Amino acid sequence: MKKHGVAILGFGVVGGGVADLLTNNREEIKNYLGCEVEIRKILDLRDFPASPFASLVTHDFADVLADEGVDTVMEMMGGSHPAYEYTVAALKAGKNVITSNKEVVANFGDEFVAIANQMGVSYRFEAAVGGGIPVINPLIGCVRQNKVREVRGILNGTTNYILTKMFTYGDSFENALADAQAKGYAEANPAADVMGTDACRKITILTALAADKLFDVNTVHTEGITGIRKADVLAAEKLGHRIKLLGRCILGDEGEVVMVSPFLLPSDSPLSTVSGVYNAVEVVAEPLGNVMFYGQGAGAGATASAVVGDLLPIIAYGSKNPIVPGFNRVDYPASDSFAGFKSKKYIALPSGNEEKVREVFGDVAFIESDECAFITSCESEKETDEALAAIGVPVLSKIRFL
Ligand code: HSE
């Protein structure tokens with residue numbers, strides 16, 4: 001039986017999960033792919049003397065490139081560099097590349113897809129969004145005959161885990177983060193999770209596929225969860241809502257709004273019931289309606305499943321690789337249309353500002369609280385920011401409703 005040779009770049013949580021999956025599920029994978037998969041090289045800076053894969057470890061990427069038996073390079077190093085250089089070199093050497101690295105896909109996906117198409121090889125990245133959830137391939141293969149109106153989702157397992165623990169158990173932000181790190185969900189630098197950067201990369205990738213436009217990630221309006229306070233959790237509970245960090249790509253007649261921020265969701269909405277490390281991506285399209293993809297968004301086994309699953313189209317289609325759509329880079333910022341984005345908002349100001357709020361915002365609904373907390377009508381970002389500037393006191397919280 002023919003063997004398909006792979007090299008693993010990065011032997012961390014996901015790379016280790018891929019090696020384990022390829023080993024433990026050898027029979028299932030052989031049946032699924034119709035051929036055996038052989039791990040030929042593992043590239044990492046470290047040695048792993050106690051690992052059963054120790055003899056495959058190399059520290060030199062040239063060994064991977066030179067090995068003609070390596071058909072597919074699986075890049076799970078994370079970060080932009082040297083992942084970018086290794087990906088370009090592997091594709092130019094005629095090797096397929098599979099990645100779980102959302103940073104490199106969001107930053108350079110257009111270049112990689114172009115090189116892969118020139119070389120007649122595949123560049124695939126199912127694991128880059130939603131961990132183990134099949135979402136990229138269904139978005140490419142099952143949805144685009146529709147008019148896609150919105151793609152929105154809980155795209156970061158670490159922050160969803162933290163928010164779930166804050167809501168369900170009243171945990172502190174710090175304890176919940178430490179727990180997520182111990183379970184291997186968080187990025188090497190968890191700032192990318194809690195500041196919303198990781199979700200921003202993922203919604204940028206989904207936007208490229210849904211709207212055929214690759215925006216510069218640095219221009220996407222991005223807020224994380226570090227500003228969410230106990231008082232906000234209590235206010236949300238009073239309103240029968242939950243706070244979730246969402247990535248949203250709204251495709252309207254006046255252009256795209258792409259953003260990452262915490263949102264208040266009614267507790268019976270499908271996305272608000274997504275708890276812990278689980279992720280979900282909801283697509284709203286015509287005439288399809290709403291569909292939701294749900295599953296474990298981080299962790300070794302789930303992410304490894306998506307990486308190995310990407311071997312199927314590579315082996316099935318060979319050089320006639322299905323072309324990945326989208327990834328057309330645009331030269332205007334994603335933030336262009338954000339000022340006009342309309343939503344209802346929960347706002348908290350220091351107590352004693354109720355009169356000023358009525359003067360500037362009109363007849364808003366106040367929430368019973370030690371602070372001056374209220375809900376605006378559905379208005380644009382620009383209108384809300386101008387009103388808050390006119391009041392001129394520190395804004396303790398501003399959270400949008402979905
Ligand atoms: N740190 C990421 C998360 C890992 O928590 O979702 C998966 O991309």
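Every value quoted in this text rests on a predicted model; they were computed, and no experiment measured them. Heads up: numbering here begins at 1 and tracks the sequence. Ligands are counted one by one from 1 in listed order, and the atoms in each one are counted from 1 as well.
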Identify every side-chain donor-acceptor pair in residues 167-178 under 3.5 Å, counting partners at least two apart or on other chains, and give the distances.
| from | atom 1 | to | atom 2 | distance (Å) |
| --- | --- | --- | --- | --- |
| T168 | OG1 | T164 | O | 2.8 |
| S172 | OG | N175 | N | 3.1 |

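Within 4.0 Å of ligand 1, the residues that place a heavy atom are K102, N156, G157, T158, Y185, A186, E187, D193, D198, K202, G297, A298, listed by chain and number.
Ring planes of H81 and Y84: perpendicular class, angle over 60° (limits at 30 and 60°).
Smallest separation of non-hydrogen atoms from M292 and L271: SD-CD2, 4.0 Å.
If you check the side chains of H4 and T72, you find a donor sitting under 3.5 Å from an acceptor. Side-chain atoms of K244 and N160 form a donor-acceptor pair, as typed in the model, at a separation below 3.5 Å.
For the pair R248 and F263, the cation sits on the ring face: its NZ or CZ lies under 6.0 Å from the ring centre, inside 45° of the axis.
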